[in-house]
Amino acid sequence: QVQLVESGGGLVQAGGSLRLSCAASGRTFSSYAMGWFRQAPGKEREFVAAISGGVMTKYYADYVKGRFTISRDNAKTTVYLQMNSLKPEDTAVYYCAQRGLGVVATTPMVYEYWGQGTQVTVSS
């Protein structure tokens, strides 16, 4: 059984930075694509960033491009989301997810496993 555990959320002022971590266990980590999603109150879950297995291709949503960076450490079976220049509209619960394939995707429904989420709050 795959388990994903996020950490690193918190309260930060606009313009600040946070780094989220997601520790994975349960199956070979390096082969599978990992994604970060977020969900604000009253809104649907939306794609933030993803990184493929293997060659580690990265893909970002337009609204975080240039501010957020996704990375992975296969030796530590952990995926990271470095978030810089945070804005109040980035406030949400952030979730990491793992696909059953190595190719990145932006649709939540194709991800098999999800973490419990970590709250990120950006004050103005």
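The basis for the numbers below is simple: all heavy atoms, side chains too, and nothing from hydrogens, waters or symmetry mates.
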Report yes or no: do Val93 and Met109 belong to one cluster of Ile/Leu/Val/Met/Phe/Trp/Tyr joined by side chain heavy-atom distances under 4.5 Å? yes
Separation between CD (Gln13) and OG (Ser124), nearest 0.5 Å, reads 9.5 Å
Is it true that, when you exclude Tyr113 itself, more than 12 heavy atoms of the residues, nucleotides or ligands shown sit nearer than 6.0 Å to its OH? yes
Side chains of Ser17 and Asn84: do they bring a donor and an acceptor to under 3.5 Å? yes
Okay, side chain of Arg72, backbone of Phe29: is any donor-acceptor separation there less than 3.5 Å? yes
Going by heavy atoms in the side chains, are Asp90 and Tyr63 under 4.5 Å from each other? no
Return yes if some donor-acceptor pair links the side-chain N/O of Thr91 with the main-chain N/O of Pro88 below 3.5 Å, else return no. yes
Is the backbone N or O of Leu11 less than 3.5 Å from a side-chain atom of Thr121, with the two atoms forming a donor-acceptor pair by type? no
Which atom names give the shortest non-hydrogen contact between Tyr111 and Ala50, and what distance separates them? OH-CB, 3.7 Å
Please walk me through it: do Ile51 and Thr57 pass side chain to side chain contact (heavy atoms under 4.5 Å, CB included)? CA-CA 5 Å; Ile51 185 167; Thr57 302; over 6 Å; no
Could you walk me through whether Val103 and Tyr32 pass the side chain to side chain contact (heavy atoms under 4.5 Å, CB included) check? CA-CA 7 Å; Val103 180; Tyr32 301 105; over 6 Å; no
Using the rule that two of Ile, Leu, Val, Met, Phe, Trp, Tyr join whenever any of their side-chain heavy atoms come within less than 4.5 Å, decide whether Leu81 and Met56 are in one cluster. yes
Is it the case that atom NZ in Lys65 sees more than 12 heavy atoms from other parts of the structure closer than 6.0 Å? yes
Same cluster for Leu101 and Leu4 if Ile/Leu/Val/Met/Phe/Trp/Tyr side chains link at under 4.5 Å? no
Here the gap from Tyr80 atom OH to Trp36 atom CH2, rounded to the nearest 0.5 Å, amounts to 10.5 Å
Have Gln98 and Arg27 got a donor and an acceptor in their side chains that come within less than 3.5 Å? yes
For the pair Phe37 and Trp114, name the ring-plane relationship: parallel under 30°, tilted 30 to 60°, perpendicular over 60°. tilted
Heavy-atom donor-acceptor pair, Lys58 side chain to Ile70 backbone, under 3.5 Å: yes
Which heavy atom of Gly16 sits nearest to which heavy atom of Val12, and what is that distance? CA-CG2, 3.8 Å
Take atom CD of Glu89 as the centre, draw a 6.0 Å sphere, and report whether it contains more than 12 heavy atoms from other residues, nucleotides or ligands. yes
Hey, does the side chain of Glu6 reach the backbone of Cys22 with a donor-acceptor pair shorter than 3.5 angstrom? no
Any non-hydrogen side-chain atom of Val120 less than 4.5 Å from a side-chain atom of Leu20? yes
Taking the six-membered ring of Tyr95 (Phe, Tyr or Trp), confirm whether the NZ or CZ of Arg45 is under 6.0 Å from its centre and within 45° of its axis. yes
Might you work through the salt bridge (Lys or Arg N to Asp or Glu O under 4.0 Å) test for Arg38 and Glu46, ending with a clear yes or no? CA-CA 5 Å; Arg38 67 187 185 187; Glu46 64 180 10; 2.6 Å; yes
I need the minimum non-hydrogen distance between Ser71 and Val79, along with the two atoms involved. O-CG2, 3.1 Å
Would the distance check show the side chain of Asp73 and the main-chain N or O of Lys76 forming a donor-acceptor pair, the cut-off being under 3.5 Å? yes
For a 4.5 angstrom cut-off between non-hydrogen side-chain atoms, does Phe47 reach Thr107? no
Return the CG to CD distance between Leu18 and Gln82, rounded to the nearest 0.5 Å. 8.5 Å
Is a side-chain N or O of Tyr94 found less than 3.5 angstrom from the main chain of Ser7, in a donor-acceptor match? no
Please walk me through it: do Thr69 and Tyr60 pass side chain to side chain contact (heavy atoms under 4.5 Å, CB included)? CA-CA 8 Å; Thr69 302; Tyr60 298 94; 3.7 Å; yes
Side-chain donor or acceptor of Gln3 paired with backbone N/O of Ala24 under 3.5 Å: no
Should Met34 and Val104 count as side-chain neighbours, where that means a heavy-atom distance under 4.5 Å? no
Within the structure provided, determine whether Arg99 and Val110 are in side-chain contact (heavy-atom separation under 4.5 Å). yes
